[in-house]
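All ligand and atom numbering here is 1-based and tracks the order in the structure. Not measured: the values here are computed from a predicted model. The figures that follow rest on heavy atoms only: side chains count, while hydrogens, waters and symmetry mates do not.
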Amino acid sequence: MQIVILDDAAQVAAYGANIFAKQLLKKPASVLGLATGSTPVALYQELIAKNKAGEISFSQATTFNLDEYLGLTGEHPQSYRYFMNEQLFNHVDIDKQNTHVPPGDAVNPLVACTEYEQKITAAGGVDIQLLGIGRNGHIGFNEPSSGLTSRTRVKTLTKATIEDNARFFAEGEYQPHLSITMGIGTILEAKKVVLLATGASKADAVHAMVEGPLMAKCPASALQLHKDAVIIIDKAAASKLEDLEFYQHIEAENQKLQAHLATL
Ligand SMILES: N[C@@H]1[C@@H](O)[C@H](O)[C@@H](COP(=O)(O)O)O[C@@H]1O
């Protein structure tokens, strides 16, 4: 794991956006794995600005989102399809036909899960996967107890996740308790993963992910198995890490190495 600790959420978004921008420059037809939640919004704003400035293009890109609420159509304002349209797709030069979000309104969700996996494979696999993290360590909607090699499937949300996401729903509005989510095994197959976490409410989950044992109780700990996982966090989210100074030291050395390699 590469652990990048920055001052605040704005720096986290900018650092993450630069990784995605570099990927698009290197491979314009990249397959991007995308995420929802409040954390990636600032990163999407950075990408929109870069696209409007002509620095990057999404015209050849394909995207796959991690998850969707089961029971919501893409027109529902709380659906993740709607979120992605509003937060990114409507503002960049992407062909919406090339954007994929699991279908929350699938007649047969089990078939839809298999088809989603097939589409990812047919696209050549995800080049770079963006992730947030839930307070309970979930990634996508892979809640604690998720199989560490799981594939795209229907998952029941925990009470904690339902409560955390209740802020997006109006009082009395139907809030789904089920989701379709890429599995942990699906996520681990992305060639690179970039996880963002900001704020003190994520500090316990970040600690468990980075320094805890590999365990289904903290699904994000599975990223310890990934050969190219970048964890970008602000100081508040890093506040419970035991080896904080060591990670900062490694990153400083890493920056020096990158600067040297750039001169070769
Ligand atoms: N399914 C999403 C996750 O992909 C996201 O990482 C998490 C954290 O969201 P936030 O960034 O708003 O804390 O929320 C939801 O549960």
Report task. Provide the number and element of each atom of ligand 1 under 4.0 Å from a heavy atom of Tyr80. Result -> 1 (N), 2 (C), 15 (C)
Query raised in the report: If you measure only the distance, is there a donor-acceptor pair under 3.5 Å linking the side chains of Glu242 and His207?
Result: yes
Requested in this report: Classify the contact between Leu131 and ligand 1 as side chain, backbone, both or neither, using a heavy-atom distance cut-off of under 4.0 Å.
Outcome: neither
Requested in this report: Give yes or no for whether the N/O distance cutoff of 3.5 Å, strictly under, is met between Thr161 and ligand 1.
Outcome: no
Query - Atoms in ligand 1 with a heavy atom of Gly132 nearer than 4.0 Å - result: 6 (O)
Requested in this report: Write down the atom of Leu214, the atom of Ser221, and the distance for their closest heavy-atom approach.
Outcome: CD1-O, 3.4 Å
Query - Cationic N near anionic O, under 4.0 Å, Lys159 to Glu163 - result: yes
Report task. Say whether Asn18 and Lys50, considering side chains only, have a donor N or O and an acceptor N or O under 3.5 Å apart. Result -> yes
**Report entry** Per-residue contact class, Asp67 against ligand 1 - non-hydrogen pairs under 4.0 Å
**Finding:** side chain
**Report entry** Residue pairs involving residues 16-36 (criterion salt bridge (charged side-chain N to carboxylate O under 4.0 Å, His left out); sequence neighbours excluded)
**Finding:** Lys27-Asp127
Query raised in the report: For Arg167, is at least one N or O under 3.5 Å away from an N or O on ligand 1?
Result: yes
Report summary line: For atom 8 (C) of ligand 1, the closest protein heavy atom turns out to be Ile133 O, 3.6 Å
Query raised in the report: Would the Tyr44 and Phe89 ring centres measure less than 6.0 Å apart?
Result: no
Report task. Taking only heavy atoms of Asn165 into account, list the atoms of ligand 1 that are under 4.0 Å away from them. Result -> 15 (C), 16 (O)
**Report entry** Side-chain H-bond candidate by donor/acceptor type, Glu117 with Thr186, under 3.5 Å
**Finding:** yes
Report summary line: If you compare Ser38, Gly199, Ala35 by their heavy atoms, the one closest to atom 12 (O) of ligand 1 turns out to be Ser38
Report task. With heavy atoms only and a cut-off of under 4.0 Å, state how Lys202 meets ligand 1: side chain, backbone, both or neither. Result -> side chain
Query - Side-chain donor-acceptor pair present, Ser146, Arg153, cut-off under 3.5 Å - result: yes
Requested in this report: For atom 9 (O) of ligand 1, grab the closest protein heavy atom and report residue, atom and distance to one decimal in Å.
Outcome: Gly37 CA, 3.8 Å
Query raised in the report: Nearest protein heavy atom to atom 7 (C) of ligand 1, by residue and atom, and its distance?
Result: His138 NE2, 3.6 Å
Requested in this report: Flag Gly140 as yes when one of its N or O atoms lies below 3.5 Å from any N or O atom of ligand 1, and as no otherwise.
Outcome: yes
Query - Distance-only donor-acceptor check, side chains Glu143 and Thr156, under 3.5 Å - result: no
Report task. Before accepting this row, confirm whether a basic side-chain N of the pair Arg135/Asp164 lies closer than 4.0 Å to the acidic partner's carboxylate O. Result -> yes
Query raised in the report: Counting from 1, what ligand 1 atoms have a heavy atom of Thr39 closer than 4.0 Å?
Result: 10 (P), 11 (O), 13 (O)
Report task. Just need the protein heavy atom nearest to atom 5 (C) of ligand 1, so name the residue and atom and give the distance. Result -> Thr36 O, 4.0 Å
